[in-house]
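Whatever order the structure lists them in is the order used to number ligands and atoms, beginning at 1. Computed from heavy atoms alone, side chains included, the values below leave out hydrogens, waters and symmetry copies.
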Amino acid sequence: MRKSTNLTWHNSTITKHDRQSLNGHKSCVLWFTGLSGSGKSTLANAVDHALHHKHCKSYVLDGDNIRHGLNKDLSFKKEDRQENIRRIGEVAKLFVDSGLIVTTAFISPFREDRETVRRMFPDHEFIEVFVDCPIDVCEGRDPKGLYKKARNGEIPNFTGISSPYEAPARPEITIRTDELSISQSVDKIISYLQTKKIL
Ligand SMILES: Nc1ncnc2c1ncn2[C@@H]1O[C@H](COP(=O)(O)OS(=O)(=O)O)[C@@H](OP(=O)(O)O)[C@H]1O
Ligand SMILES: Nc1ncnc2c1ncn2[C@@H]1O[C@H](COP(=O)(O)OP(=O)(O)O)[C@@H](O)[C@H]1O
């Protein structure tokens, strides 16, 4: 819902295409989604690292970091997660417009919210990456001790325990992080970008 009126859109004289030409690659968002501990941040950063080494312009948007600043006013109730994802979608869109390959690491548990973000982008610029990992493996990893706290009732609305996670129906890429190593996963994602002629 837009609350402001009397607004006029100004087009930039330098287009997204101009910026992509300068960079020597196309821009897009790799939208990683999955349970806490599934490996979103690890893979988003590893892909960013691999792209940087290929002299590509890239940037990571990570859930924990964004919730320290831009989205510090949001909780984990459903409406706030929806607003969290909407804002990240808008930020990602700006970054893609600036010519970057953006990797985002948000649980983004609701299918409808991810589809809303997908609709913000032209075809092929939104690449959904399902970081698929059984919850018992995520819980076994528990890198931040959050599952333990959630099981003890110390964290309400914890995804996978007391709040739902809706797996993607048709993600562009699925990564089973309990089966592939981090480097195999990065290779799979970079190959996808090459096949789609983004790189
Ligand atoms: N209740 C609850 N449920 C899930 N996660 C929680 C919760 N409270 C705090 N955290 C921490 O916040 C990180 C998830 O933030 P996101 O912005 O990615 O969540 S969401 O997309 O809005 O659902 C998540 O990061 P990851 O573990 O990297 O996924 C947690 O560190
Ligand atoms: N194949 C793998 N892919 C990604 N992470 C893995 C893998 N195997 C083990 N891990 C570990 O699992 C943890 C995932 O944590 P993190 O990336 O923070 O997940 P998320 O961002 O989804 O919460 C890290 O400690 C990482 O080293």
Atom 25 (O) of ligand 1: closest protein heavy atom, distance to 0.1 Å, is Lys144 NZ, 3.1 Å

4.0 Å heavy-atom contact, Leu35 with ligand 2: yes

Please report the closest heavy-atom contact between Ser58 and His52, naming both atoms and the distance. OG-N, 4.3 Å

Taking the six-membered ring of Phe126 as reference, does the NZ or CZ atom of Arg114 fall below 6.0 Å from its centre and within a 45° cone about the axis? no

Hey, is Asn71 touching ligand 1 through its side chain, its backbone, both or neither, going by heavy atoms under 4.0 Å? neither

I'd like to check which ligand 1 atoms, numbered from 1 as shown, lie under 4.0 Å from a non-hydrogen atom of Asn157. 1 (N), 2 (C), 3 (N)

May I ask you to identify, for Ile155, whether its side chain, its backbone, both or neither come under 4.0 Å of ligand 1 on a heavy-atom basis? side chain

One finds that the ligand 1 atoms under 4.0 Å from a non-hydrogen atom of Lys40 are 29 (O)

Check for me whether Gly37 has a heavy atom closer than 4.0 Å to any atom of ligand 2. yes

When you check the gap from the basic side-chain N to the acidic O, do Glu115 and Arg118 get nearer than 4.0 Å? yes

Looking only at protein heavy atoms, which one is nearest to atom 16 (P) of ligand 1, and what is the separation? Arg67 NE, 3.6 Å

Has Lys93 got its NZ or CZ under 6.0 Å from the middle of the six-membered ring of Phe121, at an angle within 45 degrees of the ring axis? no

Contact with ligand 1 for Pro156, non-hydrogen, under 4.0 angstrom: yes

Using a heavy-atom cut-off of under 4.0 Å, does the side chain or the backbone of Phe76 touch ligand 1, or both, or neither? side chain

Atom 3 (N) of ligand 2: of Ile182, Val131, Val186, the nearest heavy atom sits on Ile182

Ignoring hydrogens, just give me the one of Ile66, Thr33, Asp64 whose non-hydrogen atom is nearest atom 11 (C) of ligand 1. Asp64

Between Ile107 and ligand 1, is there a nitrogen or oxygen pair with a distance under 3.5 Å? yes

Could you tell me whether the side chains of Asp132 and Thr174 share a donor-acceptor contact shorter than 3.5 Å? no

Taking CD in Glu112 as the centre, count heavy atoms belonging to other residues, nucleotides or ligands within less than 6.0 Å. Is the count above 12? no

Please report the closest heavy-atom contact between Ala44 and Ala105, naming both atoms and the distance. CB-CB, 4.1 Å

protein heavy-atom neighbour closest to atom 12 (O) of ligand 2 works out as Arg141 CD, 3.1 Å

Minimum side-chain heavy-atom gap Cys28-Leu193 below 4.5 Å: yes

Could you tell me, atom by atom, which parts of ligand 1 come under 4.0 Å of a heavy atom of Pro109? 21 (O), 23 (O)

Nearest neighbour in protein (non-hydrogen) for atom 19 (O) of ligand 2: Gly39 N, 3.1 Å

re atom 23 (O) of ligand 1, the protein heavy-atom contact at minimum distance is Arg81 NH1, 2.8 Å

Treat each ILVMFWY residue as a node, draw an edge where side-chain heavy atoms are under 4.5 Å apart, and state whether Ile182 and Val137 are in one component. no

Output every pair passing salt bridge (Lys or Arg N to Asp or Glu O under 4.0 Å) with a member in residues 13-22, not counting sequence neighbours, ordered by first then second residue. Lys16-Glu125

Heavy-atom contact check, 4.0 Å cutoff: does Pro143 meet ligand 2? yes

Shortest reach to atom 2 (C) of ligand 1 by a heavy atom, considering only Phe32, Phe158, Tyr147: Phe158

Between Phe106 and Phe32, is the gap from one ring center to the other below 6.0 Å? no

Nearest non-hydrogen protein atom, atom 21 (O) of ligand 1: Ser108 N, 2.8 Å

Under 3.5 Å: N/O of Leu43 near N/O of ligand 2: no

N/O separation below 3.5 Å, Ser41 to ligand 2: yes

Side chains of Ser162 and Asn157: do they bring a donor and an acceptor to under 3.5 Å? no

Need the ligand 1 atom indices (1-based, order shown) with element for anything under 4.0 Å from a heavy-atom of Ser36. 26 (P), 27 (O), 29 (O)

Any side-chain donor-acceptor pair under 3.5 Å between Asp48 and Thr103? no

Ile85 heavy atoms, cut-off 4.0 Å: which ligand 1 atoms fall inside? 21 (O)

Below 4.0 angstrom from a heavy atom of Ser36, which ligand 2 atoms are there? Numbered from 1 as shown, please. 23 (O)

Can you report which non-hydrogen protein atom sits closest to atom 1 (N) of ligand 2, along with the distance? Leu180 O, 2.8 Å

Can we say Asp73 and Arg87 salt-bridge, meaning some charged N sits less than 4.0 Å from an Asp/Glu carboxylate O? yes

Evaluate the side-chain proximity of Val29 to Thr104: yes if any heavy-atom separation is below 4.5 Å, no if none is. yes

Just let me know how Leu146 lines up against ligand 1, side chain, backbone, both or neither, with a heavy-atom cut-off below 4.0 Å. side chain

Heavy-atom nearest option to atom 16 (P) of ligand 2, drawn from Thr42, Asp142, Thr33: Thr42

We want to know whether Arg81 and Thr159 form a side-chain donor-acceptor pair, criterion being a heavy-atom distance below 3.5 angstrom. yes

For Ile107 and Thr33, the nearest pair of non-hydrogen atoms, with its separation, is O-OG1, 2.8 Å

Only heavy atoms of Asn84, strictly under 4.0 Å: list the atoms of ligand 1 that pass. 16 (P), 17 (O), 20 (S), 21 (O), 22 (O)

Quick one: does Ser38 get a heavy atom under 4.0 Å from ligand 2? yes

